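Every value quoted in this text rests on a predicted model; they were computed, and no experiment measured them.
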Amino acid sequence: MRKVLFLASIAFALMGCANALSNKATKNFDYQTPEIQKQVDELYNKMTVEERAAQIFGLRPGALMTNGKLSLEKCREKIPHGVGHICQYACALDMSANELRDFVRDLQNYLINETPHGIPAIFHEEAISGMAAKGATIYPQQLGVACTWNPELARLKTQQTAKTMRAVGGTFALSPMVDIIRSAHWARLEESYGEDPYLTAVMGGAFVDGLQNGDWKNGIAACTKHLLGYGGGSKLSWKEIYEEILFPHEVAMRQYGSKVVMTSYGNFKSEPAVASDTLLNQILRGYLEFDGLVVSDYGAVGYLSQSDHEKLKVTAAKSLNAGNDIELPSNSNYQFLPELLEKGLIDEIRFEKAVKLALTLKARLGLLDKNPNLYQEGNLNLDPPADRKTAYELACQSIVMLKNDGTLPLKKENKMIALVGPNANTFWCMLGDYTYQSMQAFWWGGEIDPNDPKIVCLYDALKEKAGTNFMLGYERGCDWSAKNEVSIVRSGDPRTQKLDLMLAESSDPTDWNKAINLASKSDVIVAALGENTLLVGEARNRNGIRLPGDQERFLQELIATGKPVVLVMFGGRPMPLGDIADDCAAILHAWFPGEEGGNAVADVLLGNVNPSGKLVLLILKSIRKKKSAITADVPMTTLLILLVTDFHTLLSNTATWLFLKR
C-alpha cells in the first residue's frame, strides 16, 4: 500500500510539471515592436560604422581598470565609440555590493556622457545558482534544483535573482543551461537539469519566466545555452536533436519569451556551432522562427583562429555572416568588422541585422529610455532573509534519500554521533560551478570569504541543531582527492590555456586513525564524502566518477567498525558505489546545496525535514562493460526511477514507473 501511495504522489508531481508546461498563457512576444524598430532604426542611421560595431562585442571589466578602480583614460582609449556588453562584471571583481554598484554607475556615466550617442552597456553575469557576485545569495546548483521537481520554487528563485542583479546594475544573465546530459563523466553535468528533456524544459522555462518576470525593464533577460548538443556528442540523430536536445530551448523561446541564445564551443554536424549555417539559420531562425539574438560562448569565435590576425578576420566574417550576432567576452575578432565591411567581406544586411538586434535588446531592457533604470541607490543587501529562506527550501527539497534501513532520522538512542569526512566541515562542498566563490577561486585565484554571504557547513549546523539530545564528535579523516586525479581540460575553451590548477584546502587536521577511532566509539556514523566545486565543473576533468581519492577505502573502514553508517554524498554527478552501498545504513545525495546546505542536510538527518528529492538521472551501482544503464544495478536496495522514453507519453500525463530491486 505504501508503494502505491508513493507512486501516486510522484505521478501527481509529474502531472504538475505537465500542467506547468501546457499552460495556454504563453509569455512569448515579438522581439521587435514597431515602436522599438522605429527607435532602433533612427539610432542606427545616426551611427558611424565604428559605433555600430561597438554594440556587438563585449569587454571584461578588468580591461577598463587600473589598480582595482575604473580608469576613464582606459575607457576613452578602449571604448571611445561605446560598447555592447560588460562581461562577467561581478564574479571577476572582489567588490562589495555597494562598490560593485558604484563601479557600474561610474562606467555607465562615462558611456552616457562621453560617447557619441550616450548608449549604456549591458552588464551581464552568471546566474544559475543566483547572481555570481560577492555577498549574493547562493542557491543550490541547478542539478539539485531539478531534483526538487518544483518549478514554482525554481521560478521564485530567479525572481529573487533578478532583483539582486538589477540592484547592482545587471540586466542580462548567461543562464539557464538547458543541455541534456546523459554522461556522469562530463564535468558540467552539475549545471544541467539532468537527462530528461521534458523536466529540463519545465524547470528551464520556470527559470526564464522568473528571471524575465514579464517585464524586461525591471527583470533580467535570460539566455538559454548551449546550442546544440553540448556534452551530448555530435553524432546525435535528427530525431534526437529535434525531439529531445532542442526541445528545452524551444519551450523557453516559444512559451516563455527567451530571446537570447548562446552557441557552444563544439561542432554541430561538422560545422563550428558559432558559425554554423545549419544550426543558426535553418534550425534556429528557420524551424524555430527565432527572432532574437545569438551570442557566442566566451572566446568561441577567436578559438576558431587562435591569434593569427588574418585568420581572426576570416573567422569574424564567417561567424557574423552565419548568424552569430555578438562576440563575447571581447572583440578579438569583431574589432576587424569595419575593415571587413569596407572590403566587402561582410554581408552588410547581416551586419545591420546583428547591430539592430543588439540595440533592440537594450531597448527592451529600458537602457535606451530617457531615464533608464540602471542600478539601485542606497545601501544594498544581496542576501536578504527572504532569499536565504528560498535557498534553504530548495536545498531541503533537493536532497534525495537513496537508501534508509530505519537509521534515519537519527534517534535519541544514537546518543553519540561521529561526523567524519572531507565534506563534514567545509563550505566548498556547498558550492557548484559558476557561483562567485567558484569563479573567483578557479578562474581568478582569488581569496574566498565563507561569511559573505554566510555559507553554513554541515558540522556547524548539526552541532547547533543536535543540541543536548546528542553528543557530536568530528574528525576530517581523509582528503578529498589524490594527486593528479584532477586535470584542466585545455581544449575548446581559450580561457584555460594559461590556467593553473587550484585545489581546495582545509585547515582541519586530517588524521585517518583518529577518525576511525572516533567512529568505533560512536552510536552512529555520518560520513560526509564526495566532491567539491574544484573537482567538478567547467574545464575540470577527473580520472573517474567513483568517490574521489581514498574516500572509498575510508568508507569501507568506517563500515568495518560495525556501527551504522549514514553516507551523505555531496557533488555534481552521480557516483557509483558498488557493493559498499549494501553495507551503508542510509544514503543521502545532497548535490551542491548552496549557502543553506548545512542546515538542510542537518534537518533531514534529525527528522526536522522529510527528504523529498527525486532523481533526474540514473545512478549506476557499478560500471560494467557491455551493460546498459537501465539493466545495470543501482546503488541502493530499492529505488524508484522514472523512465522517460517518449515525449508524447509525457504530454499525455502518463509515465512508466519501475521498481528496481537487486
Side-chain angles (χ1 to χ4, degrees), residues 31 56-58 174 177-181 186 188 197 223-254 258-306 308 311-334 336-337 340 345-355 357-358 491-494 538:
Y31 184 55
I56 54 176
F57 69 81
L174 300 177
M177 176 174 147
V178 292
D179 294 312
I180 306 300
I181 310 301
W186 200 54
R188 298 188 69 175
C223 171
T224 63
K225 61 184 186 184
H226 306 84
L227 215 64
L228 192 64
Y230 198 35
S234 58
K235 297 180 181 179
L236 297 166
S237 69
W238 285 110
K239 177 179 172 62
E240 279 184 289
I241 287 170
Y242 278 97
E243 293 185 0
E244 300 180 25
I245 308 303
L246 186 63
F247 178 60
H249 292 278
E250 183 172 6
V251 168
M253 293 168 187
R254 291 192 190 274
S258 180
K259 296 295 183 181
V260 188
V261 64
M262 176 185 284
T263 53
S264 77
Y265 290 116
N267 286 350
F268 181 79
K269 297 294 183 182
S270 77
E271 297 175 311
V274 73
S276 171
D277 175 74
T278 304
L279 179 61
L280 299 182
N281 295 315
Q282 297 179 41
I283 295 177
L284 181 64
R285 293 188 170 109
Y287 169 72
L288 288 185
E289 301 175 311
F290 181 69
D291 61 351
L293 189 69
V294 177
V295 302
S296 76
D297 207 337
Y298 275 25
V301 178
Y303 181 69
L304 300 180
S305 49
Q306 300 300 326
D308 185 298
K311 288 183 179 178
L312 286 170
K313 296 175 184 179
V314 170
T315 51
K318 185 176 181 180
S319 298
L320 186 76
N321 287 336
N324 183 77
D325 300 307
I326 293 183
E327 180 185 10
L328 302 176
S330 68
N331 63 339
S332 61
N333 292 59
Y334 279 18
F336 300 110
L337 291 181
L340 295 170
L345 299 175
I346 293 287
D347 185 326
E348 290 188 25
I349 295 176
R350 174 86 267 284
F351 174 77
E352 179 178 344
K353 182 176 181 180
V355 176
L357 286 170
S491 61
D493 184 346
E538 184 174 14

- Close side-chain approach of K353 and I349, heavy atoms under 4.5 Å: no
- Task: Mark yes or no for whether T224, through its side chain, and V261, through its backbone, hold a donor-acceptor pair below 3.5 Å.
- Result: no
- Item | Closest contact, heavy atoms only, A322 versus L280 | O-CB, 3.6 Å
- Query: In chain order, what residues pass the salt bridge (charged side-chain N to carboxylate O under 4.0 Å, His left out) check against D277, with sequence neighbours excluded?
  - Reply: none
- Determine the minimum heavy-atom distance between K269 and L236, stating which atoms define it. NZ-O, 2.7 Å
- Task: Return the minimal non-hydrogen interatomic distance between I245 and G229, and the atom names on each side.
- Result: CG2-N, 3.6 Å
- Query: So N333 and T315, side chain to side chain donor-acceptor pair (under 3.5 Å) or not? Walk me through it.
  - Reply: CA-CA 7 Å; N333 292 59; T315 51; 2.7 Å; yes
- Item | Full working for side-chain contact (heavy atoms from CB on, under 4.5 Å) between I56 and L337 | CA-CA 10 Å; I56 54 176; L337 291 181; 3.6 Å; yes
- Any donor-acceptor pair under 3.5 Å linking the side chain of K239 with the backbone of E244? no
- side-chain contact (heavy atoms from CB on, under 4.5 Å) between Y265 and Y230: does it pass, once the steps are laid out? CA-CA 8 Å; Y265 290 116; Y230 198 35; 3.3 Å; yes
- Message: Let's go through E327 and S319 carefully: what are the C-alpha distance in whole Å and the side-chain angles of both, what is the deciding distance for side chain to side chain donor-acceptor pair (under 3.5 Å) to 0.1 Å, and is it a yes or a no?
- Response: CA-CA 9 Å; E327 180 185 10; S319 298; over 6 Å; no
- Message: Are the side chains of V260 and I326 in contact, using a 4.5 Å heavy-atom criterion?
- Response: no
- Query: Taking atom CG of L288 and atom CD of Q282, what is their separation to the nearest 0.5 Å?
  - Reply: 12.5 Å
- Item | Which residues share a side-chain contact (heavy atoms from CB on, under 4.5 Å) with Y242, sequence neighbours left out | W238, L246, I283, Y287
- Heavy atoms only: give me the nearest H249-H226 pair and the separation to one decimal. NE2-O, 3.6 Å
- Interatomic spacing from CG in L174 to NZ in K225 - rounded to 0.5 Å: 5.5 Å
- For D325, the salt bridge (charged side-chain N to carboxylate O under 4.0 Å, His left out) test, sequence neighbours excluded, returns R285, R350
- Report yes if the side chains of R254 and E289 come closer than 4.5 Å at any heavy-atom pair, otherwise no. yes
- When rounded to the nearest 0.5 angstrom, what distance separates CG in N267 from CG in L228? 13.0 Å
- Item | Interatomic distance, L357 atom CG to Y31 atom OH [nearest 0.5 angstrom] | 6.0 Å
- Query: Heavy atoms, side chains only, cut-off 4.5 Å: are N324 and Y334 in contact?
  - Reply: yes
- Query: Could you give the distance from CG (D291) to NZ (K259), rounded to the nearest 0.5 Å?
  - Reply: 3.5 Å
- Item | NZ on K311 to NZ on K318, rounded to 0.5 Å | 12.0 Å
- Note on the structure: Here the pair of heavy atoms bringing P197 nearest to P248 is O-CG, 3.8 Å
- Query: Looking only at heavy atoms, what is the nearest atom pair of S276 and L279, with distance?
  - Reply: OG-N, 3.0 Å
- Check the pair E240, I180 against side-chain contact (heavy atoms from CB on, under 4.5 Å), reporting the backbone distance first and the verdict last. CA-CA 11 Å; E240 279 184 289; I180 306 300; over 6 Å; no
- Message: Walk me through whether L340 and K313 qualify under side-chain contact (heavy atoms from CB on, under 4.5 Å).
- Response: CA-CA 7 Å; L340 295 170; K313 296 175 184 179; 3.9 Å; yes
- Message: Using the rule side-chain contact (heavy atoms from CB on, under 4.5 Å), only one of D297, V294, V301 pairs with T263; which is it?
- Response: V294
